[in-house]
Each structure stands twice: as C-alpha cells, then as structure tokens.
Amino acid sequence: MRADRLVATLLFLQERGRVTVPEVAAELEVSERTARRDLEALAAAGIPVYSQRGRGGGWSLVGGARTDLTGLTADETRALFLVTGPLSATPELRTALRKLVRALPPTMRAQAQAATRAGVVDATGWSRNAVTADAAHRSALQGAVVDGIRVRLGYAGVGKPAGERTVDPLGLVAKAGVDYLVAGTDKGLRTFRLSRVTSVEPTGEPVVRPPDFDLATAWRTLSGAFQDGLNGVTARARVHPDALALLQRFLGGRVRVGGPLPDGWTEVWVDGPAAKALAGHLAGLGARVEVLEPPEVRQWLARIAADLTGMYAGEESHAPDGP
C-alpha cells in the first residue's frame with residue numbers, strides 16, 4: 001500500500017466532501033478493490049473517514065475535517081506554481097500539482113491554478129531545432145542522481161562520434177534553457193550537455209560522491225572555468241554607432257562599452273576564446289568595426305578579408321543595392 005496514494009485519496013476526499021469508490025478508483029487510476037482498501041486503511045489509521053450505504057451514500061470526512069499538508073504561504077505557493085506550472089505536460093508533474101492544489105486552503109487554490117497557466121515553455125529554438133534533451137534520458141539521469149547509481153553514458157562530443165563512458169551522476173543543472181549533467185569521472189568532475197547524451201544504462205553500482213560535495217558550488221567552479229575559456233583574448237576596437245547595438249546583441253556580456261570617440265564612433269572591449277574565433281565573430285560587421293589591438297586579431301581579420309575577396313572578387317556588379 002503506497003503512502004502517496006493514501007495522501008491523494010485523503011486530498012480527494014477533502015476536495016469533494018463525499019466520494020464513491022468508483023470515483024476514487026477513476027481519479028487515482030486504480031481498481032475499485034484497491035480504492036476501497038485505501039479508504040478503509042484511512043479509517044483504520046484514525047482519519048475521521050466514514051462510509052454511508054444506500055442511495056446518495058459514499059465516503060466522507062466527519063464534520064468536513066481538513067488536513068493542511070503544505071504549510072506554504074500564499075507567496076510561496078504562487079512562486080512554486082509559476083515555476084512548475086509551464087512544465088506540467090509530464091504526467092508525473094500533473095499528478096503532483098493536482099495533489100498539491102487539493103492540499104491548499106480554498107482561498108489559495110484560484111491563484112495557484114492561475115499561476116500554472118501563466119507561462120509556456122517552448123522546447124525549440126528559432127532554428128526550429130529542439131534545445132532540450134530527450135525526456136527518457138533526462139528521466140533516467142534524474143533517477144540515477146536521486147538513487148545514487150553509477151551509469152554507462154553514451155555521449156557524442158562536439159564533432160566526435162558517440163562513445164561510452166562510466167560516470168557518477170551527481171546533479172542536473174539548467175542554464176539558459178540548456179540542461180547539463182554534473183558527474184564524477186576518472187578525470188575528476190565534468191559536465192555533459194544532455195542534448196548530446198545518446199544512452200543511459202545504470203550499472204547497479206553505487207555512486208562515488210566526493211566528500212562535502214555541493215552541486216551549486218561545483219557548478220560555479222565548472223562553469224567559471226568554461227567562462228574563462230571564452231575570454232582567452234580581449235580586443236580593443238572602435239564601432240560605428242549603427243553597429244553598436246548589433247554587436248551587443250551578438251556577443252552580449254562579452255562586450256564592454258567605453259566612451260564616445262571624437263569621430264562619433266564608440267570604443268569597446270570584446271572578449272573571445274581565441275584570436276581566430278574573435279575575428280570570425282567581428283568579421284560579420286565588416287567595416288563598421290575596426291579592431292585596434294591586439295595584432296593577432298587584426299591579422300586574422302585581414303586573412304578572412306583576403307579569403308572572401310578571393311572568393312567573391314569580380315562579383316561587385318551583381319551585388320544588390322544596400323538599404
């Protein structure tokens with residue numbers, strides 16, 4: 001007999017006031033025999049539940065007794081449903097939210113239900129490609145984290161074929177709409193992007209958890225190292241006023257804006273992982289951005305310009321008119 005099913009039965013009683021065995025069975029998706037046994041178990045446990053036979057009968061709580069199982073304030077409840085509501089497409093979360101709504105006082109239910117309708121999660125990017133991991137893999141990894149079970153992980157790195165490795169799942173992190181697994185490996189803590197996971201196979205062996213492991217602290221360390229890799233080089237440049245907003249939109253926080261220059265352009269500093277990569281990012285703005293230093297970025301921009309000139313030279317007469 002599952003304790004969570006007994007709680008769900010009690011909450012269903014509180015919501016309806018009086019229920020029949022077939023109603024409980026349909027709501028909880030169990031047999032009528034199981035529903036009747038659960039109701040009898042509640043009564044045997046001391047819950048003031050009683051049955052009334054005959055036409056219009058059913059099971060009720062004596063005197064409309066109520067049990068507050070949440071202890072949540074109105075603001076806490078609203079915040080919880082705002083976070084979980086948009087994700088309630090999964091059967092498990094729909095069931096959990098339904099149980100929680102029933103446990104709330106009547107005055108708080110309307111706000112909670114409204115909060116579940118206040119947002120939508122779109123799992124595809126503007127390129128129409130899915131940006132979230134396969135639900136089966138996410139569910140399997142969540143289970144491995146909670147149960148503390150080591151797994152054999154199928155994983156395809158960037159530009160690499162899928163391979164298999166044994167890891168200790170320690171936690172899941174969502175950043176900017178992308179899910180990551182933090183796991184222990186034979187090379188220390190590593191992160192794995194869930195969208196690149198191809199398979200998850202539990203080994204049955206217990207996870208080896210580092211002493212005093214804290215997921216938030218580990219993520220800050222791992223993501224900080226990754227961020228440092230994105231900022232391997234900094235270029236000082238001047239940007240035309242028409243291109244400044246576009247540059248900030250492309251590179252976000254990697255752009256630091258200085259003051260205006262005498263010619264009306266703006267001085268900026270732009271971070272990148274390497275000179276070649278940063279030059280590639282800036283080349284798309286053409287002559288509306290001029291890198292002043294370092295020389296390595298200027299040299300890569302000159303090489304990109306030469307390559308493009310060699311490919312498209314002689315086609316100026318066919319180019320469309322500018323805006």
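Quick note: numbers below take in every heavy atom, side chains included, and nothing from hydrogens, waters or symmetry partners.
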(request) Measure the shortest side-chain to side-chain distance between Val197 and Leu153 over non-hydrogen atoms and say whether it is less than 4.5 angstrom. (result) yes
(message) Between Thr266 and Leu261, is there a side-chain heavy-atom distance shorter than 4.5 Å?
(response) no
(message) Determine whether a donor-acceptor pair (N or O, by modelled atom type, separation under 3.5 Å) exists between the side chain of Asp147 and the backbone of Ile149.
(response) no
(request) Check the pair Thr191 / Leu181 against side chain to side chain contact (heavy atoms under 4.5 Å, CB included), numbers first and verdict last. (result) CA-CA 5 Å; Thr191 61; Leu181 169 71; over 6 Å; no
(message) Between Arg33 and Ser31, is the side chain to side chain donor-acceptor pair (under 3.5 Å) condition met? List the steps.
(response) CA-CA 5 Å; Arg33 180 179 178 182; Ser31 68; over 6 Å; no
(request) Please tell me if the side chains of Glu23 and Trp59 come closer than 4.5 Å, counting only heavy atoms from C-beta onward. (result) no
(message) Test of understanding: clusters of I, L, V, M, F, W, Y form through side-chain heavy atoms closer than 4.5 Å, transitively. Do Trp265 and Val255 belong to the same one?
(response) no
(message) Quick check: do Thr185 and Phe192 have side-chain heavy atoms less than 4.5 Å from each other?
(response) yes
(message) Under 4.0 Å between a side-chain nitrogen and a carboxylate oxygen: does that hold for Asp271 and Arg256?
(response) yes
(message) Please say yes or no: joined through hydrophobic side-chain contacts below 4.5 Å, possibly via intermediate residues, are Leu285 and Leu292 part of one cluster?
(response) no
Solution key, residues 199-219 side-chain donor-acceptor pairs under 3.5 Å, sequence neighbours excluded:
| residue | atom | partner | partner atom | Å |
| --- | --- | --- | --- | --- |
| Ser199 | OG | Gly154 | N | 3.4 |
| Glu201 | OE2 | Arg152 | NH2 | 3.0 |
| Thr203 | OG1 | Arg150 | O | 3.0 |
| Thr203 | OG1 | Glu205 | N | 3.1 |
| Glu205 | OE1 | Arg150 | NH1 | 3.2 |
| Asp214 | OD2 | Ala216 | N | 3.4 |
| Asp214 | OD2 | Thr217 | N | 2.9 |
| Asp214 | OD2 | Thr217 | OG1 | 2.8 |
| Thr217 | OG1 | Arg220 | NH2 | 3.3 |

(message) Using the rule that Ile, Leu, Val, Met, Phe, Trp and Tyr join whenever any side-chain heavy atoms are under 4.5 Å apart, tell me whether Phe250 and Val257 fall into a single cluster.
(response) yes
(message) Donor-acceptor check, side chain of His137 to backbone of Thr198, threshold 3.5 angstrom: yes or no?
(response) yes
(message) Side-chain heavy atoms nearer than 4.5 Å, only ILVMFWY residues, links allowed to pass through others: does that put Leu247 and Trp269 together?
(response) no
(message) Would you say that Val49 contacts Ser60 through its side chain, given a criterion of any heavy-atom pair below 4.5 Å between the two side chains?
(response) no
(message) Within the 4.5 Å heavy-atom criterion, are Thr234 and Leu278 side-chain neighbours or not?
(response) no
(message) Just verifying a value: how many Å separate Leu246 CG and Arg288 CZ, rounded to the nearest 0.5 Å?
(response) 6.0 Å
(request) Side-chain contact test, heavy atoms from C-beta onward, threshold under 4.5 Å: evaluate it for Thr166 versus Val151 and give yes or no. (result) no
(message) Could you walk me through whether Arg303 and Lys276 satisfy the side chain to side chain contact (heavy atoms under 4.5 Å, CB included) test, starting with their C-alpha distance in whole Å, then the side-chain angles of each, then the deciding distance to 0.1 Å, before giving a yes or no?
(response) CA-CA 10 Å; Arg303 184 176 301 183; Lys276 180 179 180 180; over 6 Å; no
(message) Closer than 4.0 angstrom, basic N to acidic O: yes or no for Arg238 and Glu290?
(response) yes
(message) Are Asp38 and Val24 packed together at the side-chain level, in the sense that at least one heavy-atom pair is separated by less than 4.5 angstrom?
(response) no
(message) Are Val145 and Tyr155 connected into the same hydrophobic cluster when the rule is that any two of I, L, V, M, F, W, Y join if their side-chain heavy atoms are below 4.5 Å apart?
(response) yes
(request) Assess whether side chain to side chain contact (heavy atoms under 4.5 Å, CB included) is satisfied between Asp179 and Arg138, documenting all intermediate values. (result) CA-CA 9 Å; Asp179 294 333; Arg138 185 190 296 108; 3.2 Å; yes
